[in-house]
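Here is the structure we will look at, set down as C-alpha cells.
Letters A, B, ... are given to chains in the order of the sequence lines, protein chains preceding strands, and every chain is numbered from 1.
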Number of protein chains: 2
Amino acid sequence: MQNRGVPHTTTSPAQRVPGRDRPAVRPALDRGRGLLGPALALIHSGRAPTRSVLTSELAVTRATAGAIAAELEALGLVAVDPRPSGSGRGRPSHRLAVAPGGPVVLAAQLHADGFSVALAGLGGTLGEPVDRPLPRTADPEEVLRAVAEAGARLVAASPRRCLGAALAVPTPVTDSGGRALAAMYLDWPSGTPVRDLFAAAVAGALPGLPTAVANDANLAALAEHRHGAGCGARHLLYVTSGHRGVGGALVVDGRLHTGSDGLALEVGQLTVDPGGRPCPCGRRGCLDVEADPPALLAAAGVTPGPAEPLLEAARAVVRAASHDPVARAAVDRVVECLGAGLAGMVNILNPDRIVLGGIHLDLLAAAPERLPAVVAERCLWGRSAGVPVLPAALERPDLTGAAELAWQPFLDDPQSTAAG
Amino acid sequence: MQNRGVPHTTTSPAQRVPGRDRPAVRPALDRGRGLLGPALALIHSGRAPTRSVLTSELAVTRATAGAIAAELEALGLVAVDPRPSGSGRGRPSHRLAVAPGGPVVLAAQLHADGFSVALAGLGGTLGEPVDRPLPRTADPEEVLRAVAEAGARLVAASPRRCLGAALAVPTPVTDSGGRALAAMYLDWPSGTPVRDLFAAAVAGALPGLPTAVANDANLAALAEHRHGAGCGARHLLYVTSGHRGVGGALVVDGRLHTGSDGLALEVGQLTVDPGGRPCPCGRRGCLDVEADPPALLAAAGVTPGPAEPLLEAARAVVRAASHDPVARAAVDRVVECLGAGLAGMVNILNPDRIVLGGIHLDLLAAAPERLPAVVAERCLWGRSAGVPVLPAALERPDLTGAAELAWQPFLDDPQSTAAG
DNA sequence: TGCATTTGTGCCGCTACTCAACAAAATACC
DNA sequence: GGTATTTTGTTGAGTAGCGGCACAAATGCA
C-alpha cells in the first residue's frame, strides 16, 4: 500500500508551508485491502481446503487466488502444500492449510465455576486449556489480573508469537462502554467496566497486546458458526444455558448481530408458558425460568448439592429420563417450553439453522424428534421454514469464541499481523 | 471497466481454440465498482447535501469525491450546483442534489382497499399517486395486470425514463421463490408466486423493465430509514398495523434484515397478554390480536361499518379518547399490549430506534409518554437502553418503500442506469 | 500413447483510488 | 479596504489490486 508517512504530524499553522495541504479527512485505511481478509477467513474456517476452492469461493481468477495464497504464505499464516490433493480429473489443486507454527492469540473465559485460558492458532484449534477456580475475592480487578497472569504464563511458555487476547464473560457487555450489565455469577456490580479492566490487566502482564471482551453466548455462537455445527449457515441462531437463564446469539453473514449496543438476543424474557413459574421480572413463564438447568431440576423435583454445578445436575436428570418417568416428564415439559421459545425467536429472526448448547444440547439429544416438531408447530411458517435444529459441536465453544474475537482484526486485515 | 465481451458464448469443446482458456468462475461483476454506489445512496437519502460532506462521509480525498460527483452528473442522476452553499468559513462547497429530470421507477402497492401506483425519482419523492379499487376478481394474475397497466399509463405520460418497477404486498414474501404466504386481504392462496406473476404482468405492459416484489412493512421500514423518521439509525425497528395483524421490519446498516427466507420480523405471535383475546394460532394474547385496529375497536366496543376501512375506524377511536373514557381505556389497554410487544422485540433485536406506523402511530400520539415508558419498563435493560420511539414521517411509506426496492440495483451500481 | 480436463503462473492492462501541489472563493482580522 | 486564513475544487502523476490472456504442468480416460 501507499506510504502514508507519519500520521498526525501536528503542523502548527505558523510553520506550515503555504503550498502544503493535507486531505480533509484521513482516507479509510481499510479500503482496498481487498480479498486478503476474506481469503484468510475461508482458510481459517476450513471452507477453502484447496486453491481451486479458494478461487471459486472468492469468485476471482486463478491468478488472483494464487497471488493471495502466496501473500498469506509470506505472512506466515497459511501453508501452501503443492502435493496433490487426491481424486478428480485434471491437475490436482494445491492444498491450503493454516501454518503450523504461525502466531496465536490468548483466549480467556470467566464462568460460574472459575476461569479458563488457552492459546489458539488459526483454524479454530485450541491449545491445552488451563482451568482455575476464581480467586476468593469478587473484586473484578483482581479476578482479571489472575486471568491475565495465567494467560501470560501460557504465552511465555509458547514459542509462537501472540497477537491479541480476548475474554468471554457470562453477562451482556455494552458495545459502547464495554460494561458488564449482569455478572450475576461473579457478584460484580452492574456497569463494571470489564473491557477496560481486562485491557489494564493484560497491559500489566503482556504489554502491548490488543484486547477485547464480549458475552460468552455471542462468542460461542461465533465459534460454532466458523468451526462447529453452524458452519456455512447464513443466519445462525445459537441458544444455550449452562447455569442459570438462557443465552442467545445470532450470526448473520459471518458477523455477530449484537444490536446497537451489544444487548441483542436477550431472549430470556420471552413468555413461553403464561401459567408457568414466576420470574424475577415479575411475570410468569419466561424462557429464563422455564428452560434452564434449575427449571429442569425443579420439574424433576431434584435439589442439587450446594457445590454441584447446575449444568451437571441437570444433565443427570436428562440421563435419568430414559428410565425414570418423573425425569422423563420434566424433560418433556422443558422441551415444550424451549421449543416455544425457539419458535418465538424463529418468527422474529428467521434463521436458517439453530444450534443448541449447554443443557439444551442434552435436551435435543433426549427429544431429537419432538423439539424440532415443537418449533415447527409453534412457528408461523413452520412447514415452509422447517428450521434444522442441531447440537453444538465444539468442546469449548466459549474459549474458541474468545479466540475468534481476538483473531477478528487480523482476519479482517491479515497484513496487520506483520506489524507486531 | 474491462470489456468482458459477450457473456456465456457457448464454446463447444470441438470449436474451442487449444490455447484459449476461460476463468474457472465468472469473477464477481460487482467488485471494483467502488464508491459510486455508496455516494449515490448518500445523495439519494439527503445525507450528502454538499461535495465536502460527501468527501467526509465516504472518507475519500476531495479529488475522488469530485470525480465521483462528476461521474454521477454525467450519468444524469445528480445535479452539481456550483453556487455557494451558505455560511461558514472558507470556500463554500458545491451543492449536490438529485437531477430534476433524471430517471424514475414505478412504485406499486397492493393493500386491503385497493392498489396504488406512482412514479418516483431519486431522493424519495413520489409523483402524484394513482389509487384504484381492486378489480372484482381475486385472480392474482388479473389484479397484477391491472396494476401493471395503471403503471404503464403513468410511465407513458411521463417524459422521464423508467428504470424498474417494484410492488409492495401485504403478505410475507419468500426470498427464494418470491411466493406470497398469507395474502389474507386479497384472498390469494398461500404460495401464490407473486414475484413471477408481477414480473409477467409488467413484461406485458412495459417490456424489459426489471421488477421486484416484497412485503409492505419491510419496504415501509426501508423508506422510513432512508427518507423518514429512521434516517441515520443503525438498527431501525419499524412496527405498523394498517388493517389486521401487526407487521414488523428491521433495517440493519441500511439493509433490510429479511432473515434467511424473507420471513423475519413476523412479530404478530409474540405473547403480550397471557390472559388476552384468543388468536387464530390457538393461544391467547398474541400481539396480532391485541395491537391491531380490530383489537382497538373491540376494546372500545365499536363495530365498524362493513365498508369502512379498519384503520380509519380505529383512528376515530383514538381521536375520541380525548373526551370519551371508554375510548381512553381502550387506547390505554392497547398501548400496554403494544409496549409489551415492542419490549419483546427490543430484548431480541436491541435496535437504536423504533418507528411506528399505521394505527400505532396514532397510539403513540395519544400516549407519547406512556408507550415509551412501557417499553422501557418491560425491557430487560430498559434504563440503559432507553430506545427512542418515533412516529413514522412519510405520507405513503409503502409506495416510497417500493420505489426504494426498485431503485436498489441502481443505487448499488449507478453505472447500470446507463444501460437501459 | 494421445487427448480432454483442470490447475498453476507470468505478463500486460485497466480501474479506482491516493498523493501532492496549486488555484479559487469565501470569512476574519487589522 | 487589504491581507491572512480557512476551506474547497482541480489537475497530473503514481500505485495496489484485480481481470484477461496465453502457456505450462499434472492428472484421468480411451
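Helical stems involving DNA chain C, defined as 3 or more consecutive Watson-Crick or G-U pairs under 3.5 Å, span C:1-30 with D:1-30.
The NE2-C1' distance, from A:His94 to C:dG8, rounds to 6 Å in whole Å. Protein atom CG of A:Leu54 is 14 Å distant from nucleotide atom C1' of D:dC18, rounded to whole Å. Taking atom CD on B:Glu57 and atom C1' on D:dT8, their separation rounds to 17 Å, with Å as the unit. Computed from coordinates, the B:Leu58 CG to D:dT8 P distance equals 15 Å when rounded to whole Å. Per the geometry, CG belonging to B:Leu72 stands 12 Å off P belonging to C:dA16, to the nearest Å. When the C1' atom of C:dA26 is taken as reference, atom CZ of B:Arg95 falls 15 Å away, rounded to whole Å.
Between A:Ile68 and B:Gly66, the residue anchored closer to the 5' end of DNA chain D is B:Gly66, taking for each the nucleotide with the nearest heavy atom. With the nearest nucleotide of DNA chain C identified for both A:Gly90 and B:Glu71, A:Gly90 has the one nearer the 5' end.
Counting only distance, with no hydrogens or angles, the side chain of A:His227 and the backbone of A:Thr125 share no donor-acceptor pair below 3.5 Å. A donor-acceptor distance shorter than 3.5 angstrom exists from the side chain of A:Asp261 to the backbone of A:Asp175, with no hydrogens or angles considered.
Listed by chain and number, the residues in a side-chain contact (heavy atoms from CB on, under 4.5 Å) with B:Val252 are A:His257, B:His235, B:Leu250, B:His257 (sequence neighbours excluded). Scored by the side-chain contact (heavy atoms from CB on, under 4.5 Å) test, B:Val104 finds B:Leu119, B:Arg160, B:Cys162 as partners (sequence neighbours excluded). Scanning for side-chain contact (heavy atoms from CB on, under 4.5 Å) contacts around A:Glu73 gives A:Val80, with sequence neighbours left out. Every side-chain contact (heavy atoms from CB on, under 4.5 Å) that B:Ala406 has, sequence neighbours left out, goes to B:Val105, B:Ala166.
Checking C:dA25, C:dC17, C:dT7 against the side-chain heavy atoms of B:Pro92 singles out C:dA25 as nearest. For A:Arg62, taking side-chain heavy atoms from C-beta onward, the closest of the listed nucleotides C:dT18, C:dT7, D:dG19 is C:dT7. Checked against D:dA24, D:dG19, C:dT9, the side chain of A:Val60 finds its nearest nucleotide in D:dG19.
The base of D:dT6 is not paired with the side chain of B:Arg89 by any donor and acceptor separated by under 3.5 Å.
Considering only side-chain N and O atoms, B:Ser93 lies under 4.0 angstrom from the phosphate OP1 or OP2 of D:dG9. The phosphate of C:dT18 has OP1 or OP2 within less than 4.0 Å of a side-chain N or O from B:Thr61. Between A:Arg51 and C:dT9 there is a side-chain N or O to OP1 or OP2 distance below 4.0 Å. Phosphate proximity of C:dT27 to B:Arg91: absent, as no side-chain N or O sits under 4.0 Å from OP1 or OP2.
Base contact: B:Ala63 has a heavy atom under 4.0 Å from a base atom. Base engagement by B:Thr64 is indicated by at least one non-hydrogen atom pair under 4.0 Å involving a base atom.
The residues B:Arg255 and B:Asp412 are annotated as salt-bridged, a charged nitrogen and a carboxylate oxygen being separated by less than 4.0 angstrom.
For residues 222-233 of chain A, the set of pairs meeting the salt bridge (charged side-chain N to carboxylate O under 4.0 Å, His left out) definition, not counting sequence neighbours, comprises A:Arg226-A:Glu404.
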